[in-house]
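One structure is given below, encoded as structure tokens.
To find a chain, count down the sequence lines: A is the first, B the second, and so on, and within it residues start at 1.
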2 protein chains.
Amino acid sequence: MTSGRSSRGGAPTTEGVSRTASAKAPERGIPEATVARLPVYLRALITLSDREIATCSSEELAAAAGVNSAKLRKDLSYLGSYGTRGVGYDVEYLRYQIAREIGVTQDWPVVIVGIGNLGHALANYSGFSSRGFRIVALLDSDPARHGEPLGDRFIRDFADLETIVREHDVAIGVIATPAHAAQDVCDRLVACGVTSILNFAPSVLSVPEGVDVRKVDLSIELQILAYHEQRKSAAYDADALTEPEIAAAVVESA
Amino acid sequence: MTSGRSSRGGAPTTEGVSRTASAKAPERGIPEATVARLPVYLRALITLSDREIATCSSEELAAAAGVNSAKLRKDLSYLGSYGTRGVGYDVEYLRYQIAREIGVTQDWPVVIVGIGNLGHALANYSGFSSRGFRIVALLDSDPARHGEPLGDRFIRDFADLETIVREHDVAIGVIATPAHAAQDVCDRLVACGVTSILNFAPSVLSVPEGVDVRKVDLSIELQILAYHEQRKSAAYDADALTEPEIAAAVVESA
DNA sequence: TAGATTGTTAATCGATTAACAATC
DNA sequence: TAGATTGTTAATCGATTAACAATC
């Protein structure tokens, strides 16, 4: 079955057609690296907005976002020309434009599957709701957990998935189950019409064409840090030394 | 002050010196993209190992890791030649070599700061301890939480940070506080000698040269999914159409 | 030897960055 | 007009990938 996703799409408009067909830059195909930074810029703009800063330069916004300003300007140029030369960017205007581009000006119903420790943390995470993500169900296959209150919802049976997805037109699912259950849960989500999955389980999911999976793996992040940490600690290991350092080390150990 | 990190480094050895100085490939400077995938390969190898599979081809391992096999072989080539042409890789041997390269054959004492929902989840996460990460302290600045048992530890005062870091020679810290506290916590960690930080707070941290920060941001991952989801839903939006699709849409709406 | 599979090459692709012309 | 800052260009850098020679 397919989900009711079509309700999100608009009908083709003449403006749209002429814009796409025009000789002007197509505004399409934003690079993945840029897409991944747009939410970072959005967050930085929200911070500036909260401080009631009306205008900022690319230099200031880049600093707030933790990137270099050339990269920021290049990224923004894929969206359009939303700045004013000699002046900078209007914080509210740019904030809206980026939010619209990402899609967080609309409402995204989300289901979370697997309500262990991590699922609890996700259910209580305020960063979701503040960005258009609305948790419509917390699902777990363990009957002992059904009915348990969590945030402003109750934990429900994973068997209710299809009903819930259809009822709320859910496009995004979050998997926070143990690794061994993740692929099954994923298959069920996909079968119900969910086409975007955020996977916290430490397993590789296989999905059909057209379904996006993003993975967050806590232990992998820590291992990447360990790799670099090991090399810092190894500053006195000869393996890691540059020629002059070797000379110094050899003298030292003599 | 500096931490006691030096205890981790070995003394320079003649083998080490000659290896570095030799004409052979330096084995150094593994690309970041490769480093980020090594833990993924390690996990895949552990899975194969658990299934008592002794040998695998690059094709098989790549499938288990969710990457293409050319990329896998290229990545492994930075570590050395651990495979056998015509045969494949010995699972246990490659597993050990990758673990050693990442640094997870050693013990990494870790502190977690900020024991809210997420901190609880992290404290209970089994994926850490199974990869050499040992949680030596759970710290929170809220006195009401001090002494609360969690996993096999008790929540302690953040003020004890320096003592703990020195005592256990902690190099890695995890920040799971609210955004407004993150930079302060980060500064304190750095001041104690922590040189690797995993940041779950939604804020940009500034750290001195030599300190690594990695960021995990749940809401950003979800926003990236939303961006792509929006474009899927917009399949009937003229903006997103290619030339032939525009023609079709125009006909359809006529 | 024949078949299989690695390790490496080289071409391609995408991302980053500095520099600066355009323009407020 | 002079100063500031964007948006864009072009050069550089790094990552990916297919293809295949090396070799088990």
Side-chain angles (χ1 to χ4, degrees), chain A residues 23-41 44-45 48 53-91 93-95 97-98 101 224 227-228, chain B residues 23-41 44-45 48 53-91 93-95 97-98 101 224 227-228:
Chain A
K24 258 307 183 66
E27 276 190 48
R28 292 292 139 195
I30 298 180
E32 262 310 300
T34 298
V35 170
R37 282 187 294 264
L38 292 181
V40 179
Y41 302 151
L45 286 164
L48 295 177
I53 294 168
T55 287
C56 66
S57 67
S58 62
E59 201 70 55
E60 290 162 336
L61 182 54
V67 303
N68 98 22
S69 66
K71 191 189 281 181
L72 171 79
R73 288 198 301 278
K74 181 84 172 140
D75 284 340
L76 294 184
S77 75
Y78 292 112
L79 312 192
S81 290
Y82 296 135
T84 308
R85 288 162 136 109
V87 177
Y89 301 92
D90 181 281
V91 170
Y93 180 63
L94 185 58
R95 171 184 172 170
Q97 292 299 340
I98 292 179
E101 188 72 38
I224 296 170
Y227 172 84
H228 293 293
Chain B
K24 256 307 181 70
E27 274 190 50
R28 294 290 139 198
I30 298 180
E32 263 310 299
T34 298
V35 169
R37 283 187 295 264
L38 291 181
V40 179
Y41 302 151
L45 285 164
L48 295 177
I53 294 168
T55 286
C56 66
S57 68
S58 63
E59 201 70 54
E60 290 162 336
L61 182 54
V67 303
N68 97 23
S69 66
K71 191 190 281 181
L72 171 80
R73 289 198 302 277
K74 181 85 172 140
D75 283 341
L76 294 185
S77 76
Y78 291 112
L79 312 191
S81 291
Y82 296 135
T84 307
R85 287 162 136 111
V87 177
Y89 301 93
D90 181 282
V91 171
Y93 181 63
L94 185 59
R95 170 184 174 170
Q97 292 300 340
I98 292 180
E101 189 72 38
I224 296 170
Y227 171 84
H228 293 292

Choose from [options] the nucleotide whose nearest atom is closest to any side-chain atom of [X].
| X | options | value |
| --- | --- | --- |
| B:Pro31 | D:dA15, D:dT17, C:dT5 | D:dA15 |
| B:Asn68 | C:dT16, C:dT6, D:dA18 | D:dA18 |
| B:Arg37 | D:dT16, D:dA10, C:dG7 | D:dT16 |
| A:Thr84 | C:dC24, C:dA15, C:dA10 | C:dC24 |
| B:Ser77 | D:dT5, C:dT5, C:dT8 | C:dT8 |
| B:Ala70 | D:dA22, D:dA18, D:dT6 | D:dA18 |
| A:Arg73 | C:dA19, C:dT16, D:dC24 | C:dA19 |

| message | Within the structure provided, determine whether B:Tyr82 and B:Leu76 are in side-chain contact (heavy-atom separation under 4.5 Å). | response | no

| When you check the phosphate oxygens OP1 and OP2 of C:dT5, does a side-chain N or O of B:Ser58 lie under 4.0 Å from one of them? | no

| query | Is there a side-chain polar atom (N or O) of B:Tyr78 under 4.0 Å from OP1 or OP2 of D:dA15? | reply | no

What closest approach, in Å, do [X] and [Y] show between heavy atoms, and which atom pair accounts for it?
| X | Y | result |
| --- | --- | --- |
| B:Cys56 | B:Leu48 | SG-CD1, 3.9 Å |
| A:Ala62 | A:Leu72 | N-CD2, 3.8 Å |
| B:Leu61 | B:Ala44 | CD1-CB, 3.8 Å |
| A:Lys71 | A:Asn68 | N-OD1, 2.9 Å |

| When we call it a touch if two heavy atoms are under 4.0 Å apart, what does B:Glu59 touch: a base, just sugar-phosphate, or nothing? |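 Here B:Glu59 touches no strand at all.
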
How long is the line joining [atom1] of [X] and [atom2] of [N], in whole Å?
| X | N | atom1 | atom2 | value |
| --- | --- | --- | --- | --- |
| A:Lys74 | C:dT16 | NZ | P | 11 Å |
| A:Lys71 | D:dC13 | NZ | P | 16 Å |
| A:Glu60 | D:dA4 | CD | C1' | 12 Å |
| B:Leu61 | C:dT5 | CG | C1' | 14 Å |
| B:Tyr89 | C:dA4 | OH | C1' | 13 Å |
| A:Ile30 | C:dG14 | CD1 | P | 15 Å |
| B:Leu76 | C:dG7 | CG | C1' | 10 Å |
| B:Asp90 | C:dT6 | CG | P | 13 Å |

| Quick one: CG on B:Leu38 to OH on A:Tyr227, what's the gap to the nearest 0.5 Å? |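 The CG atom of B:Leu38 sits 7.5 Å away from the OH atom of A:Tyr227.
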
| message | Tell me whether the side-chain N or O atoms of B:Arg85 pair up with the base of C:dT6 as donor and acceptor below 3.5 Å, since no angle test is needed here. | response |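 A donor-acceptor contact between them is present.
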
Paired with [N]: which nucleotide, if any, by Watson-Crick or G-U wobble criteria at under 3.5 Å for both distances?
| N | value |
| --- | --- |
| D:dG14 | C:dC13 |
| C:dT8 | D:dA19 |
| C:dC24 | D:dG3 |

| Residue closer to the 5' end of DNA chain D, A:Asp75 versus A:Val87 (nearest nucleotide) |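 Nearest-nucleotide comparison on DNA chain D picks A:Val87.
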
